[in-house]
Protein chains: 2
Amino acid sequence: MTVISKALTLLDQFSETQPEIGLSEFCRLSGHDKATTYRYLTSLESVGFVEKNPTSKAYRMGPIVLRLAQVREQTVPRKNTVIEPLDQLAEKIGETAHATVLSGDRLITLANRDTRRYSTRVVVDISDFPLNATASGIVCIAFGPETLMPSALETMRRFTSTTPTTAKALHQAVDFAKAKGVAIADQTYEEGVRSIAAPLFDQSGHVAGAVAIAGLVGRMTPDRDPEAARAVTMASLQISESWGGKVPDALQDLWKRNWGNPSSSHI
Amino acid sequence: MTVISKALTLLDQFSETQPEIGLSEFCRLSGHDKATTYRYLTSLESVGFVEKNPTSKAYRMGPIVLRLAQVREQTVPRKNTVIEPLDQLAEKIGETAHATVLSGDRLITLANRDTRRYSTRVVVDISDFPLNATASGIVCIAFGPETLMPSALETMRRFTSTTPTTAKALHQAVDFAKAKGVAIADQTYEEGVRSIAAPLFDQSGHVAGAVAIAGLVGRMTPDRDPEAARAVTMASLQISESWGGKVPDALQDLWKRNWGNPSSSHI
DNA sequence: TCCCTTTGGTTCATTATTCAAACCGATGTT
DNA sequence: AACATCGGTTTGAATAATGAACCAAAGGGA
């Protein structure tokens, strides 16, 4: 822990529910003493990371972060940040991995990557993912905005004999995802393809999309589910972080309980 | 200059044109020695302010700034940040001040504030500012996106006898603004009202709106223009900063040359 | 009114970090 | 083979951060 990291973790105290924080409260929240906290805050203020409410003398998030976020968004677009985690995921499981982004009530492909491990592999060539028929769709309904379920119920299409096309079947699939933390779709979009998906979170703290692995039923068998789920949740952690988001603790706990530690090897 | 401010100014080196910077280059850019720069960067990395490209080992803006910007945007909305500078502006000149935001090719009122100095004062009650007939509109055409001029030429309406309604007249007004750094509208929207406007810049570095002062012709006489221009440009500096933006150096120079120092008293 | 608490802000001897220059090993270039 | 440059590490003298104690001011009760 250097001075820099200590000072910057002060900024984590700000949130939508706690926009202004006074000196004394900062001391309590951060655990540092008053003099140190004061010096940190005035330093942060001098570079625009916090600003002081002149009347209440409380501190709030400064304007410079807007500029920095703009640079981040411009120089490290979301699409680029998913490539590496997707490659790792595809490589680990030996199947095709893809990431999608939620745009309103639609789920759009962001990127997909496969491995060369098998000569036959799944090609994911969907631009607009049906919410009811894909693991990515189900997991977004389960953990995303409330509006998704009614929207999905309205536009349900049948793709295979096992596509959930009734409200009951859809609720069942969503409830499974809510219980397990990931969605599993067994040939609901295409015969012979089984896939597992986990939700992605962005800087707003909400679901921003999904990451999934899709493979042939012969290889993506249920006994490999734990391994695949761990890999998919690992990818979700990585991608969500690079989007400035964080997988909610409750969901991380759910994953751990159901699938064990997501291969806690490296970052 | 504390450690914190020194470390954080490292982040200013990143830009849209320079998204990744290596250690040696950072030393050159920041002027610090290698060991210090390295420690600063690893500290910044540990809290997510920068991240390292694993192959090139160069540093780039980290994802945490996305979250911080979200908090800033949520807790300190733009509308709130203009109130205080507007009040100061209105108080200093004794007329009505207002701020507008550019949304596509339209200029929308964000807030307006007046003083009690005079019993008669201008009430600005426009929701959609005509680009050709207001000082705010002219200054946005002059310093904002290229698309504004054609859009303005298309929708030119006449409000008073002096409203610029020909391409020639509009270009003349815009050229004046480009030369002076502010736009002056003498009864072009409403008889008896004269106003001066300066552009506002946001985190993207582009014009995001305008701030203006509007008063009765009898009081807002040309001999008070320098005073009013200084006050308006001062307000622009404050508001732009609070939006994570920065008034371009070229424009600041222009202001200084034409109107002198914008009352360089306090921040 | 007085007393007590809490607020933001400051001081100074002690302690930890920073600095600059030299050094490593790896990766090109000439 | 010689050279330059890269990211990263080490060194002890120089410099900065630290935190308990301290201020002044602003409430809040009684």
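Letters A, B, ... mirror the listed sequences (proteins, then strands); counts begin at 1.
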- request: Determine the minimum heavy-atom distance between A:T37 and A:S30, stating which atoms define it.
  value: OG1-OG, 4.1 Å

Are OP1 or OP2 of [N] and a side-chain N or O of [X] less than 4.0 angstrom apart?
{"X": "B:K57", "N": "D:dT5", "result": "no"}
{"X": "A:Y38", "N": "C:dT10", "result": "yes"}
{"X": "A:Y59", "N": "C:dG9", "result": "yes"}

message: Angle between ring planes, B:F26 versus B:Y59, binned at 30° and 60°: parallel, tilted or perpendicular?
response: perpendicular

- prompt: Taking the six-membered ring for Trp, are B:F49 and A:F49 parallel (under 30°), tilted (30 to 60°) or perpendicular (over 60°)?
  reply: tilted

Under-3.5 Å N/O pairs linking protein and nucleotides 18-25 of chain D:
| unit_1 | atom_1 | unit_2 | atom_2 | d |
| --- | --- | --- | --- | --- |
| D:dT18 | OP1 | A:Y40 | OH | 2.5 |
| D:dT18 | OP2 | A:Y40 | OH | 3.4 |
| D:dG19 | OP2 | A:D33 | OD2 | 3.2 |
| D:dG19 | OP2 | A:T36 | OG1 | 3.3 |
| D:dG19 | O5' | A:D33 | OD2 | 3.2 |
| D:dG19 | O6 | A:R39 | NH1 | 3.4 |

Measuring from [X]:[atom1] to [Y]:[atom2], what's the distance to the nearest 0.5 Å?
{"X": "A:E45", "Y": "A:I64", "atom1": "CD", "atom2": "CD1", "value": "13.5 Å"}
{"X": "B:H32", "Y": "B:L41", "atom1": "NE2", "atom2": "CG", "value": "11.0 Å"}
{"X": "B:I21", "Y": "B:C27", "atom1": "CD1", "atom2": "SG", "value": "11.5 Å"}
{"X": "B:R72", "Y": "A:R67", "atom1": "CZ", "atom2": "CZ", "value": "15.0 Å"}

message: Between B:T37 and A:L23, which residue's closest nucleotide on DNA chain C lies nearer the 5′ terminus?
response: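 Nearer the 5' end of the strand: A:L23.
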
Rounded distance in Å - [atom1] ([X]) to [atom2] ([N]):
{"X": "B:E20", "N": "D:dC6", "atom1": "CD", "atom2": "C1'", "answer": "15 Å"}
{"X": "A:K52", "N": "C:dT7", "atom1": "NZ", "atom2": "P", "answer": "16 Å"}
{"X": "B:L41", "N": "D:dT9", "atom1": "CG", "atom2": "P", "answer": "12 Å"}
{"X": "B:R28", "N": "D:dA4", "atom1": "CZ", "atom2": "P", "answer": "15 Å"}
{"X": "A:I21", "N": "C:dG8", "atom1": "CD1", "atom2": "C1'", "answer": "15 Å"}

query: What nucleic acid atoms does A:F26 come within less than 4.0 Å of, heavy atoms only: base, sugar-phosphate, or nothing?
result: nothing

query: Counting any heavy atom closer than 4.0 Å, what does A:T2 reach on the DNA or RNA strands: base, sugar-phosphate only, or nothing?
result: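 Counting heavy atoms under 4.0 Å across all strands, no contact is made by A:T2.
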
